[in-house]
Number of protein chains: 2
Amino acid sequence: MTNERLQHAVESLKKTKVRMTPQRHAILEFLFETMTHPTADEIYKALEGKFPNMSVATVYNNLRVFKEAGIVKELTYGDSSSRFDSITNNHYHIICNDCGKIVDFHYPALDEVETLAEHVTNFEVKSHRMEIYGKCPQCRSEQNVVHS
Amino acid sequence: MTNERLQHAVESLKKTKVRMTPQRHAILEFLFETMTHPTADEIYKALEGKFPNMSVATVYNNLRVFKEAGIVKELTYGDSSSRFDSITNNHYHIICNDCGKIVDFHYPALDEVETLAEHVTNFEVKSHRMEIYGKCPQCRSEQNVVHS
DNA sequence: ACACTAAATTATAAGAATTACAATGTAATA
DNA sequence: TATTACATTGTAATTCTTATAATTTAGTGT
């Protein structure tokens, strides 16, 4: 199913004038198979085995292309660098304040909030963003350890 | 009422070992009275009349202190610099994709989502973040102008 | 298969936001 | 008023991201 989504993405890119290079394909592939919401640099490092000469700029360029094509979403948290996530349906993220882990979490889209906001503010609503913050199970249990 | 909230913030800071300097107070004051969700640099520029020798580092240092004290919230969007907002109750933001304007928008907190996430993921939930994106009334009307 | 052209990649430099650091200054306390 | 720990200042360093120019290459038509 990863492959199916990947195929779909590649085809939707080809429909516009976006060429399919090996680097570009590898970045896409990585984004679709990983579950880790990587940073640009993590993508770069993950692929330097396969593409020893690839430039970081290539990663950034492609992430921009993918974003513009609606294939990939940029996640900006408090920390310095953005993370990137291939877009899937209706899931949100819950993030650990202590260790930074990001876990997917399914929930129907908050259409109601969008509609209400539209009426109240007279904006034309396009999208929304929601995240939940807390402490993950691992960090919770570490905290509970009694230090003697 | 701005003054009341400011007072309260100052006092809660003094309770810990945070000293009240003129610069710190001015930054707090500015954050509580402005409606504009300023960047660190905007705060710096806004106060350079009063404090010609203030360093940008001071602004950043204090914003970190305020964040740690739970008085101020950092908003990170896709663009390069963070914005800062004094924490108030139960309001969210709707942001214009075209001009960047941020408008407050009241809505009861999404407690239900927090509760559900807690059960599903076994995180200990602390907070959440939600924003809505779209096009503001001004940008909408500009778009509709017919160019002859 | 070959050539053409627009787009992509690479390498590097530049830019911008934020943080680190050392020296100096100052708020809170006794 | 003296003391001390915290704050500020100025600057340098760091980090993330973007811009640029030269080179390479994917996709297309012949």
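Predicted, not measured: the structure shown is a model, and the values here were computed from it. Letters go in sequence order (proteins before strands), and every chain restarts at 1. Quick note: numbers below take in every heavy atom, side chains included, and nothing from hydrogens, waters or symmetry partners.
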Tell me whether the count of non-hydrogen atoms from other residues, nucleotides or ligands lying under 6.0 Å of NZ in B:K126 goes above 12. yes
Candidates C:dT18, C:dT10, D:dT8 - which lies nearest the side chain of A:T58: C:dT10
State whether A:N61 places a side-chain N or O below 4.0 Å from either non-bridging phosphate oxygen (OP1 or OP2) of D:dT17. no
Closest nucleotide among C:dT9, D:dT17, D:dA7 to the A:A40 side chain: D:dT17
Would you say B:R19 reaches C:dT26's phosphate, i.e. side-chain N/O to OP1/OP2 under 4.0 Å? no
With a non-hydrogen cut-off below 4.0 angstrom, is A:V56 in contact with a base, only sugar-phosphate, or nothing? nothing
Length of the line joining B:Q23:CD and D:dA7:C1', which is rounded to integer Å: 8 Å
In a check of side chain to side chain contact (heavy atoms under 4.5 Å, CB included) between A:I132 and each of B:H128, B:M130, B:E118, which one passes? B:H128
Could you tell me whether the side chain of B:R19 and the main chain of B:K14 form a donor-acceptor pair under 3.5 Å? no
Need one value for B:D41: base, sugar-phosphate or nothing, where a base atom within 4.0 Å counts as base even if backbone is also close, heavy atoms only. nothing
Taking NZ from A:K45 and P from D:dT15, how many angstroms apart are they, rounded to a whole number? 11 Å
Specify the residue among A:P22 and B:T39 whose closest nucleotide of DNA chain C lies further upstream toward the 5′ end. A:P22
Looking at B:S80, I'd like to know whether one of its side-chain N or O atoms comes within less than 4.0 Å of OP1 or OP2 on D:dT17. no
One pair to check against salt bridge (Lys or Arg N to Asp or Glu O under 4.0 Å): A:D98 and A:K135. What are the steps and the verdict? CA-CA 6 Å; A:D98 291 14; A:K135 187 181 290 214; 3.5 Å; yes
Would you say D:dT18 has OP1 or OP2 under 4.0 Å from some side-chain N or O of A:Y60? no
